[in-house]
Asker: 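Have a look at this one.
By convention in this document, chain letters (A, B, ...) are assigned in the order of the sequence lines, proteins followed by strands, and residues within each chain are numbered from 1.
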Amino acid sequence: MNYDFKSAEKKWQERWEREGVFNAVDGSDKPKFYALVEFPYPSGAGMHVGHIKAYSGLEVVSRKRRMQGYNVLFPIGFDAYGLPTENYAIKTGIHPRKVTDINIEKFTSQLKRVGFSFDWNRVIDTTQEDYYKWTQWIFLKMFENGLAFRDKTLVNYCPSCKVVLSNEDSQGGKCDICHSDIIQKSKDVWYLRITRYADKLLEGLDEVNFLPNIRLQQENWIGRSTGAFVNFKIKDTDETLRVYTTRPDTLFGVTFMVMAPEHPLLDRYKEQISNFDEVESYRAECAKKTEFERTQLVKDKTGVKLSGFTAVNPVSGKEIPIFISDYVMMGYGTGAIMAVPAHDQRDYDFAKKFGADIIEVIKGGDIEKEAYAGDGEMVNSGFLNGLTNKKDSIAAMIKHLEEKGVGEAGVQYKMKDWAFNRQRYWGEPIPIVYCDTCGMVPVPYNELPLRLPEVQNFAPGSDGESPLAKIDSFVNCTCPKCGAKARRETDTMPQWAGSSWYFLRYIDPHNNERFADADKLKYWGQVDWYNGGMEHVTRHLIYSRFWHRFLYDIGEVPYKEPYAKRTAQGLILGPDGEKMSKSKGNVVDPNDVVDALGADVLRTYVLFMGDYEKAAPWSESSVMGCKRFIDRVWGLTNMIGEGEGYSAKLETSFHKTIKKVSDDLETLKYNTAIAALMTLLNQIYAAGSVTRKELETFIALLNPIAPHVTEEINEVIGNKTLLAVTPWPAYDEAKCVDDEIEIAVQINGKVRAKVVIPADADADTAIAKAKAEPGAVAFIEGKTVIKELYVKGRLVNIVVK
RNA sequence: GCGGAUGUGGCGGAAUUGGCAGACGCGCUGGCUUCAGGUGCCAGUGAAUGCAAGUUCAUGUGGGUUCGACUCCCGUCAUCCGCACCA
């Protein structure tokens, strides 16, 4: 009898769903396990084998946990707001709602065909009213708590998408969506004050178990640095120019200052700065540069020296010039720096070009040649002279500054506040009303959701206005506070809003009273294990930790950190070793694999193809190896022989394999778990027959990975209970070792022979046996034995001279 | 520039964390089998050398520690990723 994977897979998928085998039970007595995978963006292209790999890891763990008696919550949903759907709508005129529904249906059927054990009763769609109502609700809570605010600043702007982007969405100076160069534009935008949570997000990392590289990337992104703020007096004014520095101890070496060209102080002293026309033309020059160009010109510094506008060094009392230059960014620190050319290469380059003084304050380098950033004895630094420890000199200087009232210790972050509004249609409307008398007024909670209105044209206006701005019936409203005529905010939230709290909604997806019931939140608690892509580590993972922590702070969720553990899978590359992309034509469609070889083969292969955390290329022929494996597993049904329990020959192998698979599935080592099952299968084939007990153990171990074929076998051998709810096989540690073992006999560390000894042999026995081995004798004869070692169960090493 | 990771057969990758390098799979070679047609079964497969038992070499590269190193230490090269004029 051949295994007909097509009908079998369909049969089992239908039965699982019919019986609700994978539905999580609220408040069950069993221990809970909440496994989370990043919900997909339902794009028109359909799913990708990469999605399958991303979900298969925790899919296997979830199935195993159910067999181990856990109440498992393993949900899925759709992160459906976003630009690709909107752009498609602009191009085709088809409403994004319709496109989204079609795509979600497509994704759902694809996911079901693979046999994932998701709880389909808890599916969420971020674009549904009953979901985004709560996204808006959380936004209003943030607004209420001063975490959502408007500000006019320089923002990242994509001229092609005509949209403001967050810092996270413009990594590398490129638009996250269309990869155009980002420009800096002065705009009045919504921000979420994520910087207020910088320290909490940093400290929270201590409480959770994230892969080290994930943790590090978050730390770097937050980018905390400590130093001091120093106030420099501007000569002939009451003004001070404030700077941030990590090295206040080099203050005696400050020979000039540099302000960002956009620094607002400049405009206030237009009159005093006699060459303000130069300032303006330099600004115009800078505005033309993209973020990329601005960072490319690292060596060739440009700038303008201000005339009639100088500062006073607060420790030396010397008058020093002020420049403007675009190597100083308005977005970090205070937008101005104190330049220490002797000990900072950028300042050094600038000083050389503009003829500023270079004063050495730390010994150890050669400042004739380049800036010296190392440690050393302080010189030319008044009260700091002679100090050799960086920490001491920094502390001494800060103390001095604080006593004089011209500065204080301070902290800075690279992370910036989250630019939150998008001038787009397909997103959650921001529930704020502008009233001439009351200002910004939140839409009352009981009026949520603020529905996304229908529009005819999804394209943003040429002036970069949201499509919603054209809908008078949406824009015009009354002020909830005073009843006067008012206007609505017409921008929408970014794609990342809905995904910032979705893991909470899975806990109670149909609740109309709250985003999730408090008791249910308590029962399910943290996500026990969250797996997703590395590309989200400095976006979604930061954002969602921030939202969650905020909800904790206002008492809405019972625990600080949302995710107890976070891992990341590696990409699946195309067969050519390149990243899969439509344009390269190297995309593998999971549907094709399921059609041709079956879901079990696809599932097995994505886990077997390599280290789960690393990128690996897809290989047509390697998939066939997994197909062969699954077919051979089916072949076991023809090999059932006599005998109870494990056969003497295979008992140890079974215990070892149960142990290995049990361990490996917990540590992302799916590839070696499958390899161990393949090895065991080969051993069974070599033995020629399999006992019922052996077969039952084997299919139980394989079930989380290849659930269909194993359920089918389980049925064929007459078992009525689903394998999915059968207990996970147990092993006996004592039976994991063979009675007799073969160990290596080394002479001077080189293997010269092998010898079989009892596993519990002592060192003397083992060494004596090893020395008698003919292969070893030849190397020992005529030499003096210096040392003899026995490493239990491994080898004997005889050192001779 | 800073930070991180990786480097093992023809390929994807193993290696109990200092103990027999190359598990498992692909590919390849030979044989068997079937209605000869992609996907069955068996055996072999790191390199060099040898009729052979064997011997020598081999985990990017150069040193070191050790009875013993893919694993630890120092140097070096290469590739990939992240951040980037962050003061």
Asker: For A:Tyr790 and B:C20, what is the distance between atoms OH and P respectively, to the nearest whole Å?
Answerer: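 Interatomic distance, OH of A:Tyr790 to P of B:C20: 13 Å.
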Asker: Between the base of B:C85 and the side chain of A:Lys301, is there a donor-acceptor distance below 3.5 Å?
Answerer: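 Yes.
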Asker: Compare side-chain N and O positions of A:Asn748 against OP1 and OP2 of B:G68 and report whether any pair is under 4.0 Å apart.
Answerer: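 Result: no.
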Asker: Considering every strand and a 4.0 Å limit on heavy-atom distances, what is the contact class for A:Leu216: base, sugar-phosphate, or nothing?
Answerer: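 A:Leu216: backbone/sugar contact only, no base atoms under 4.0 Å.
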Asker: Would you tell me whether A:Ser225 and A:Tyr244 have side-chain atoms, one donor and one acceptor, within less than 3.5 Å of each other?
Answerer: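 A donor-acceptor contact under 3.5 Å links the two side chains.
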Asker: Quick one: is B:G68 close enough that its OP1 or OP2 comes under 4.0 Å of any side-chain N or O from A:Arg752?
Answerer: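 No, no such contact exists.
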Asker: To the nearest Å, how far apart are A:Asn213 CG and B:G4 C1'?
Answerer: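 So the two atoms are 8 Å apart, to the nearest Å.
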Asker: Checking A:Lys53 against A:Tyr612: charged group under 6.0 Å from the ring centre and within 45 degrees of the axis?
Answerer: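 Satisfied, under 6.0 Å and within 45°.
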Asker: Please check the phosphate of B:G25 (OP1 and OP2 only) for any side-chain N or O of A:Asn682 closer than 4.0 Å.
Answerer: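 So the side chain of A:Asn682 is within the cut-off, an N or O lying under 4.0 Å from OP1 or OP2 of B:G25.
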Asker: Can a donor-acceptor pair be found between the side chains of A:Glu38 and A:His540 at a distance below 3.5 Å?
Answerer: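 Their side chains do not contain a donor-acceptor pair, so the 3.5 Å distance test is not met.
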Asker: For the residue pair A:Ser393 and A:Asp249, confirm or rule out a side-chain donor-acceptor distance under 3.5 Å.
Answerer: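 The answer is yes; a qualifying pair exists.
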Asker: Regarding A:Tyr543 and A:Ser166, do their side chains bring together a donor and an acceptor under 3.5 Å, going by distance alone?
Answerer: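 The criterion, which ignores hydrogens and geometry beyond distance, is satisfied for A:Ser166 and A:Tyr543.
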Asker: B:A87, B:C24, B:C57: which one has an atom nearest the side-chain heavy atoms of A:Arg346?
Answerer: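 Output: B:A87.
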Asker: Expressed as a whole number of angstroms, how long is the span from A:Ile542:CD1 to B:G82:C1'?
Answerer: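 Going from CD1 in A:Ile542 over to C1' in B:G82 covers 13 Å.
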Asker: Go through B:A23, B:G13, B:A87 for me and flag the one nearest to the A:Thr672 side chain.
Answerer: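 Closest nucleotide among those given: B:A23.
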Asker: Taking the P atom in each of B:G63 and B:C70, what is the distance between them to the nearest angstrom?
Answerer: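 Per the computed distance, 15 Å lies between those P atoms.
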Asker: Output the single nucleotide from B:G25, B:C67, B:C24 whose closest atom is nearest the side chain of A:Leu789.
Answerer: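 Nucleotide nearest to A:Leu789's side chain: B:C67.
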Asker: For A:Tyr244 and B:A87, is the shortest distance between a side-chain N/O and OP1 or OP2 below 4.0 Å?
Answerer: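 No, outside the criterion.
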Asker: Grab the stems for RNA chain B, please: at least three consecutive Watson-Crick or wobble pairs, both distances below 3.5 Å, written as range with range.
Answerer: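 The stems that RNA chain B takes part in, listed by first number, are B:1-7 with B:77-83, B:10-12 with B:24-26, B:27-32 with B:40-45, B:46-49 with B:54-57, B:60-64 with B:72-76.
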Asker: Look at all strands and tell whether A:Lys750 reaches a base, only sugar-phosphate, or nothing, counting heavy atoms closer than 4.0 Å.
Answerer: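 Sugar-phosphate contact only - A:Lys750 comes under 4.0 Å of backbone atoms but never of a base.
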Asker: Could you list, one pair per line, each protein nitrogen or oxygen that sits under 3.5 Å from a nitrogen or oxygen of nucleotides 36-43 of chain B, together with the distance?
Answerer:
| from | atom 1 | to | atom 2 | distance (Å) |
| --- | --- | --- | --- | --- |
| B:G40 | OP1 | A:Arg628 | NE | 2.7 |
| B:C41 | OP1 | A:Arg632 | NH1 | 3.3 |

